[in-house]
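Numbered from 1 within each chain, the chains take letters A, B, ... in sequence-line order.
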Number of protein chains: 2
Amino acid sequence: MVDREPAVIEFWFDFSSPYGYFASHRIEQIGAVAGREVVWRPFLIGAVFKETGSKPLVNIPLKGQYARHDWERLARWYDVPWCYPDPFPIATAAAARAFYWLDADDADRAKAFARACLLTYFGEGRNIADAAVLAGIAAGLGIAEDALLAALADEEVKSRLKDEVTLAMEKGVFGSPFVFVDDEPFWGADRLDMVAAWLASGGW
Amino acid sequence: MVDREPAVIEFWFDFSSPYGYFASHRIEQIGAVAGREVVWRPFLIGAVFKETGSKPLVNIPLKGQYARHDWERLARWYDVPWCYPDPFPIATAAAARAFYWLDADDADRAKAFARACLLTYFGEGRNIADAAVLAGIAAGLGIAEDALLAALADEEVKSRLKDEVTLAMEKGVFGSPFVFVDDEPFWGADRLDMVAAWLASGGW
């Protein structure tokens, strides 16, 4: 009998997604309980929205106002820092490129960077579309700022992100966060309890 | 000290909404635990979609396929009958008018009718946009078929539904199901656990 590692949990999110931010606080604990590694996969939701004809939540009448209220309520519910960032939403290609550049060498370091980015944007309201802000976050984690800035323009890194976005769409990822357990898809921070139940029971 | 009834829970849904169907199986129990009456309020989601620029889930690329998969999964999760109805979605003005006609006299009878309609459509796949199907459902509940058919064309009943749809939009209802506890809005069958937590704690 071959001893196999259990399959990973895929955690897809956009760095400008409040629901991705909230989910990022819970997903590792869900993985730990199930004894599964969580693989973080930032993608660009703007590219997906072009495909699906969607637009940012805050630009949709009624739904936008609800979402703003809901984010404040969820931040209190999860007890995590929250401010409504301005500008919002933002382009997140730079943050995602930096992530994949780090991820190639050290997945845990990339996750720490991702968490710091999300907290900087949604907890402090500082704009992580700004390369200088990203470099500052990297410096705080002991990552050389100039190496990170160079990575943002690196063709290989850019191509890696492009491939991940293509893969996301091929897998049917249309929103953030999006979780896969084996091949089972779960959309939304609302579904993390269901993800945990699926992992615990093996599905239904 | 004046003895006051606790405020009702408002349960807004469209008769063609799978998530409304799933929520309809849980909402009364949530109300019972909290000691609050649940007031059912069918509305026409098509009218709201005109306002928000949304369209039926199944017509949205990627999201539509996910939704179909999700409904089957939720039906197994909640252990309720499910078939993907054809046609779907449907116009629900007739079912909603019948509901409000019954509701004017007897809220419990209107709820029983609503439950039977949802089960007929999502459990058996029979088209509740058809007045004859609605009349048959009514007959099964001891309601005179001819009176129900007359109510569908009654100007007062039509006007009542129109008023409810206007009220839904004024209250910011943009999807189905939509629940209000006091003035707190909750969108989606996914949020029923949060509704229960809000009721138990008095909010946060």
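- Residue Arg68(A) qualifies as open at atom CZ: its count of foreign heavy atoms under 6.0 Å is 12 or below.
- Residues of residues 196-204 of chain B lying under 4.5 angstrom from chain A, judged on non-hydrogen atoms, are Ala197(B), Trp198(B), Trp204(B) in numerical order.
- Aromatic ring centroids of Tyr66(A) and Phe186(B) lie 6.0 Å or more apart.
- No more than 12 heavy-atom neighbours from other residues, nucleotides or ligands sit within 6.0 angstrom of CH2 on Trp187(B).
- Enclosure of atom CD in Gln29(A) is not indicated, since only 12 or fewer non-hydrogen atoms of other residues, nucleotides or ligands lie within 6.0 angstrom.
- Lys63(A) is linked by a salt bridge (Lys or Arg N to Asp or Glu O under 4.0 Å) to nothing, counting only residues two or more places apart in sequence or in another chain.
- Contact count versus chain A (heavy atoms, under 4.5 Å) is highest, among Asp193(B), Ile60(B), Asp70(B), for Asp70(B).
- For Arg191(B), the part lying near chain A is the side chain, with the backbone staying farther off; criterion is any non-hydrogen pair under 4.5 Å.
- If you tally non-hydrogen atom pairs under 4.5 Å between each of Arg76(B), Gln65(B), Arg73(B), Met169(B) and chain A, the highest count goes to Arg73(B).
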Let's go through Leu74(B) and Met194(A) carefully: what are the C-alpha distance in whole Å and the side-chain angles of both, what is the deciding distance for side chain to side chain contact (heavy atoms under 4.5 Å, CB included) to 0.1 Å, and is it a yes or a no? CA-CA 10 Å; Leu74(B) 278 172; Met194(A) 187 183 270; 3.5 Å; yes

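- Nearest heavy atom pair, residue Pro61(A) against residue Glu51(B), reads CG-O, 3.7 Å.
- Separation of atoms OG1 (Thr52(B)) and CG (Asn59(A)) is listed at 13.0 Å; rounding is to 0.5 Å.
- Of all non-hydrogen atoms in Val173(B) and Leu62(A), the two that sit nearest each other are O-CD1, 3.9 Å.
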